[in-house]
Peer 1: 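Below are the structure tokens for one structure; questions will follow.
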Amino acid sequence: MHEESVQPQDREGKSPQDLLAEAQAKLEQQRDAMMRALADSDNARKRMQAEAASAQKYALEKFAETLMPVLDSLEGAVKSRDPSGVELVLRQMMAALEKSSIREINPAAGERFDPYRHQAMAAVESGAAPNTVVSTLQKGYGLHDRVLRPALVTVSKAVEKTATNPISDTDLD
């Protein structure tokens with residue numbers, strides 16, 4: 001009998017060393033693809049952080065641009081010392097705020113007190129229903145649906161009857 005050196009062969013005729021080399025090559029390709037994917041995700045994260053920082057840094061750019069003409073008009077009104085110029089600047093300022101979705105919170109007398117939009121500074125006895133606005137001390141402002149500063153108001157409270165002596169005839173109305 002003739003003895004041959006027998007190496008195991010797979011179905012395609014490849015030796016175990018060839019299969020190992022292929023597996024290692026495939027593993028290296030997958031490792032390389034994974035490293036690229038990690039690097040891509042890290043770069044995307046860094047890019048998003050930079051964009052977010054830039055957006056935060058320049059968030060007021062449009063608003064500032066709308067205020068530039070107001071500033072120019074205010075400087076001109078101060079130089080001319082003309083009161084009508086100040087009124088013009090006030091109208092420009094209100095238009096700039098309106099353009100930026102900043103709105104006044106200016107409750108009228110008799111309006112229901114809203115604790116989310118108003119801040120009660122005082123409560124006075126009034127013939128009006130309790131918890132209604134009697135007067136506005138300072139206007140508030142809101143941005144879209146968020147309150148930037150609540151309106152400072154005086155609210156009504158019920159008239160308190162003073163304790164009187166039931167036998168006394170001085171309080172006979």
Side-chain angles (χ1 to χ4, degrees), residues 33-166 168-173:
M34 182 191 70
M35 294 303 286
R36 287 179 190 273
L38 283 174
D40 285 346
S41 68
D42 191 45
N43 289 340
R45 182 185 54 79
K46 287 178 184 175
R47 186 171 46 253
M48 293 302 284
Q49 284 177 339
E51 288 174 7
S54 177
Q56 186 176 12
K57 185 176 181 179
Y58 297 108
L60 294 175
E61 183 176 10
K62 278 187 173 183
F63 180 66
E65 286 174 359
T66 61
L67 290 182
M68 294 299 153
V70 177
L71 182 61
D72 295 339
S73 297
L74 185 58
E75 287 174 344
V78 168
K79 285 180 186 174
S80 73
R81 299 177 192 265
D82 181 14
S84 65
V86 175
E87 292 171 7
L88 172 68
V89 173
L90 179 60
R91 284 194 302 272
Q92 282 183 318
M93 179 66 128
M94 295 310 294
L97 292 175
E98 186 77 22
K99 193 179 213 181
S100 298
S101 299
I102 297 174
R103 306 229 185 328
E104 281 185 356
I105 301 173
N106 191 12
E111 189 175 317
R112 186 91 176 128
F113 176 74
D114 179 357
Y116 298 106
R117 299 176 58 231
H118 310 143
Q119 182 176 347
M121 299 304 292
V124 295
E125 290 181 354
S126 171
N131 291 325
T132 57
V133 174
V134 174
S135 66
T136 302
L137 305 172
Q138 184 180 50
K139 291 187 265 185
Y141 292 92
L143 175 63
H144 298 289
D145 60 345
R146 183 177 290 173
V147 174
L148 297 174
R149 179 179 81 188
L152 303 181
V153 298
T154 302
V155 296
S156 64
K157 66 178 181 178
V159 177
E160 293 181 22
K161 302 239 178 185
T162 57
T164 57
N165 185 350
S168 171
D169 61 352
T170 59
D171 196 19
L172 298 175
D173 291 17

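For the numbers below, each heavy atom of this structure counts, side chains included, while hydrogens, waters and symmetry mates do not.
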Peer 1: So, D42 and K46, do they make that salt bridge, N to O below 4.0 Å?
Peer 2: yes
Peer 1: What heavy-atom pair brings V70 and T66 nearest, and what distance separates the two atoms?
Peer 2: CG2-O, 4.0 Å
Peer 1: With rounding to the nearest 0.5 angstrom, report the CG to OG distance, L152 to S135.
Peer 2: 10.5 Å
Peer 1: Without swapping roles, check the side chain of S100 against the backbone of L97 for a donor-acceptor pair under 3.5 Å.
Peer 2: no
Peer 1: Please find the pair of heavy atoms, one from V153 and one from H118, that lie closest to each other, and give the distance.
Peer 2: CG2-CB, 4.0 Å
Peer 1: Restricting to side-chain contact (heavy atoms from CB on, under 4.5 Å), what partner residues turn up for V86, sequence neighbours left out?
Peer 2: A77
Peer 1: Is the backbone N or O of Y141 less than 3.5 Å from a side-chain atom of R117, with the two atoms forming a donor-acceptor pair by type?
Peer 2: no
Peer 1: For R45, is the CZ atom crowded, meaning more than 12 foreign heavy atoms sit under 6.0 Å from it?
Peer 2: yes
Peer 1: Which heavy-atom pair separates P150 from Q119 by the least distance, and what is that distance?
Peer 2: CG-OE1, 3.8 Å
Peer 1: Got more than 12 heavy atoms from elsewhere within 6.0 Å of CE, M35?
Peer 2: no
Peer 1: How close do V134 and S156 get, heavy atom to heavy atom, and via which atoms?
Peer 2: CG2-N, 3.5 Å
Peer 1: Could you go step by step and tell me if V155 and M121 meet the side chain to side chain contact (heavy atoms under 4.5 Å, CB included) rule?
Peer 2: CA-CA 8 Å; V155 296; M121 299 304 292; over 6 Å; no
Peer 1: Could you walk me through whether M94 and E104 satisfy the side chain to side chain contact (heavy atoms under 4.5 Å, CB included) test, starting with their C-alpha distance in whole Å, then the side-chain angles of each, then the deciding distance to 0.1 Å, before giving a yes or no?
Peer 2: CA-CA 9 Å; M94 295 310 294; E104 281 185 356; 3.0 Å; yes
Peer 1: Identify the heavy atoms of L38 and S41 that sit nearest to each other, and give their distance.
Peer 2: O-OG, 2.9 Å
Peer 1: Under a 4.5 Å cut-off applied to non-hydrogen side-chain atoms, are N106 and T136 in contact?
Peer 2: yes
Peer 1: Passes side chain to side chain contact (heavy atoms under 4.5 Å, CB included), E65 versus F63? Steps please.
Peer 2: CA-CA 5 Å; E65 286 174 359; F63 180 66; over 6 Å; no
Peer 1: Would you find a donor on one side and an acceptor on the other, under 3.5 Å apart, between the side chain of T132 and the backbone of R112?
Peer 2: no
Peer 1: Under the 3.5 angstrom rule, does the side chain of S101 hit a backbone N or O of H144 as a donor-acceptor pair?
Peer 2: no
Peer 1: After noting the C-alpha distance and the side-chain angles of V124 and K157, does the key distance pass the side chain to side chain contact (heavy atoms under 4.5 Å, CB included) rule?
Peer 2: CA-CA 6 Å; V124 295; K157 66 178 181 178; over 6 Å; no
Peer 1: Within the distance-only criterion (no hydrogens, no angle test), does the side chain of Q56 pair as donor or acceptor with the backbone N or O of A53 below 3.5 angstrom?
Peer 2: no
Peer 1: Give me the one residue out of M93, Q92, K62 that meets side chain to side chain contact (heavy atoms under 4.5 Å, CB included) with L67.
Peer 2: M93
